[in-house]
Amino acid sequence: MESCPIPDSQWERALELIGRADEVALACHVTPDGDALGSMLAVAFTLRRMGKRVVASFGDRHFVVPRLLRFLPGQDMLVAPEDYPAEPELMIVFDASTFERLGLLCSNAATAREVIVVDHHPSNGGFGTLGLIDAKAAATAMLAEQLVYRLGGRLDRDIATCLYAGLVTDTGSFRHSSVTPAVHQMAARLVATGLRTDEIARELWDRSPFGYLKVLAAALDRVTLEDGLVSTYVTRVDRAAYGLPYAELEGIIDIVRRTDEAEVAVVLKEDDQGDWQVSTRSKGRVDVGSVCAALGGGGHHNAAGYTSHDSVEETMAKFRRELRKVC
Ligand code: AMP
Ligand code: MN
Ligand code: MN
């Protein structure tokens, strides 16, 4: 295993805080992806087996697990934000680069006695009372796996499924530049528990409602390419016509970003509140993480996002302005 940049003393402090808590409240970022939910549930399983009371949640106003993550085991440990402890003695948060990414659970984190932050975003400014943060880790799931071992837990198929969902999503199926030998070594440990990687891949990427194709068609119909920037948008109205939930839009950026002539790709997705969730991707030359951070969001060098309350035109104009500053 590669050396871990998180000092042993910090892991030990985390074990101490967990050891003395009767109940541990886990959280991950809003509209969770495989890494956020998978990392959280893997640690939830481990804590439950240690005899801890465990609650786990994410702070979405409309609390539903995205359809493509419903195959993950351990969802009986999830509670809605309104049933979450108001003042947890110990909270552990996963894959959230800022306090705000906790959504409705921000106030619970603010009143929690201790908050351990497990994350891999370079833009993580170190909120909470203890950080287990490695900006080089390809996924939070890599840190979650370490936490499982350090807690004395062992991989079983449930925990491995959760961790694998995190690893495979955040590495783009082992395609991104973040992939190291340690990533494949971890994958080997997970697969050795008997995972059906084909079934997991199908759940994550190869099942969509028919309406997805129609909404994708609308998005592709309006795609534009200008100065190496390819972009499009999807409205609430597009989705409403097919009853398509917001979470189903996650894969559109992966189609748009393959445009050979573009260095940067952007997809604006209107959520149920009418705000634009902006997904951005870079091929490496441009740090979209810093562009998005300047616009109030965050993320990684090649994959980042933020929320915009402006119109599509104004959002794109502001994005271009920030992009020019780093090009
Ligand atoms: P997405 O385009 O939603 O897949 O997000 C890509 C990356 O950007 C993820 O690593 C997220 O953590 C980050 N990100 C997306 N939206 C936001 C936001 N509103 N604030 C901070 N980071 C974000
Ligand atoms: Mn995430
Ligand atoms: Mn992640």
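All residue numbers refer to positions in the sequence shown, counting from 1. Ligands are counted one by one from 1 in listed order, and the atoms in each one are counted from 1 as well. Note that this is a predicted model, so its numbers are computed, not measured.
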Nearest to the Mn ion (ligand 3) - the N/O/S atom of Asp35, by atom name: OD2

Separation of His29 NE2 from Thr98 OG1 (nearest 0.5 Å): 10.5 Å

Proximity flag Arg281 to ligand 1, non-hydrogen atoms under 4.0 Å: yes

Nearest-neighbour protein heavy atom for atom 7 (C) of ligand 1, which is reported as residue plus atom name and distance: Ala303 O, 3.5 Å

Where ligand 1 meets Ser279 - atom numbers and elements under 4.0 angstrom, heavy-atom basis: 1 (P), 2 (O), 3 (O)

Glu100 to ligand 1, any heavy atom closer than 4.0 Å: no

Heavy-atom side-chain contact between Arg113 and Leu90 under 4.5 Å: no

Lys/Arg N to Asp/Glu carboxylate O, Asp119 vs Arg101, below 4.0 Å: no

The Mn ion (ligand 2) to nearest N/O/S of His29 less than 2.8 Å: yes

Non-hydrogen side-chain atoms of Tyr233 and Glu270 separated by less than 4.5 Å: no

Glu114 side chain to Leu17 backbone, donor-acceptor under 3.5 Å: no

Val65 side chain near Leu72 side chain, heavy-atom distance below 4.5 Å: no

Asp95 N/O/S atom closer than 2.8 Å to the Mn ion (ligand 3): yes

Gly298 neighbourhood, listing ligand 1 atoms whose heavy-atom distance to it stays under 4.0 Å: 8 (O), 13 (C), 14 (N), 20 (N), 21 (C), 22 (N), 23 (C)

Per-atom contacts, ligand 1 versus Gly297 - under 4.0 Å to a heavy atom: 20 (N), 21 (C)

Backbone or side-chain N/O/S of His121 under 2.8 Å of the Mn ion (ligand 3): no

Atom indices of ligand 1 within 4.0 angstrom of His300 heavy atoms, with elements: 10 (O)

4.5 Å side-chain heavy-atom contact, Thr193 and Thr161: no

Minimum heavy-atom distance Thr280-Gly305, with the two atoms named: OG1-N, 4.4 Å

Heteroatom proximity flag, Val278 to ligand 1, N/O under 3.5 Å: no

Three-point angle Asp170:OD2, the Mn ion (ligand 3), His120:NE2, rounded to the nearest 10°: 90°

Close side-chain approach of Arg67 to Arg207, heavy-atom, < 4.5 Å: yes

Contact with ligand 1 for Thr307, non-hydrogen, under 4.0 angstrom: yes

Interatomic spacing from CG in Leu167 to CZ in Phe174 - rounded to 0.5 Å: 4.5 Å

Arg101, portion touching ligand 1 at heavy-atom distance under 4.0 Å: side chain

Heteroatom N/O/S of Asp119 within less than 2.8 Å of the Mn ion (ligand 3): no

N, O or S atom within Asp33 nearest to the Mn ion (ligand 2), by name: OD2

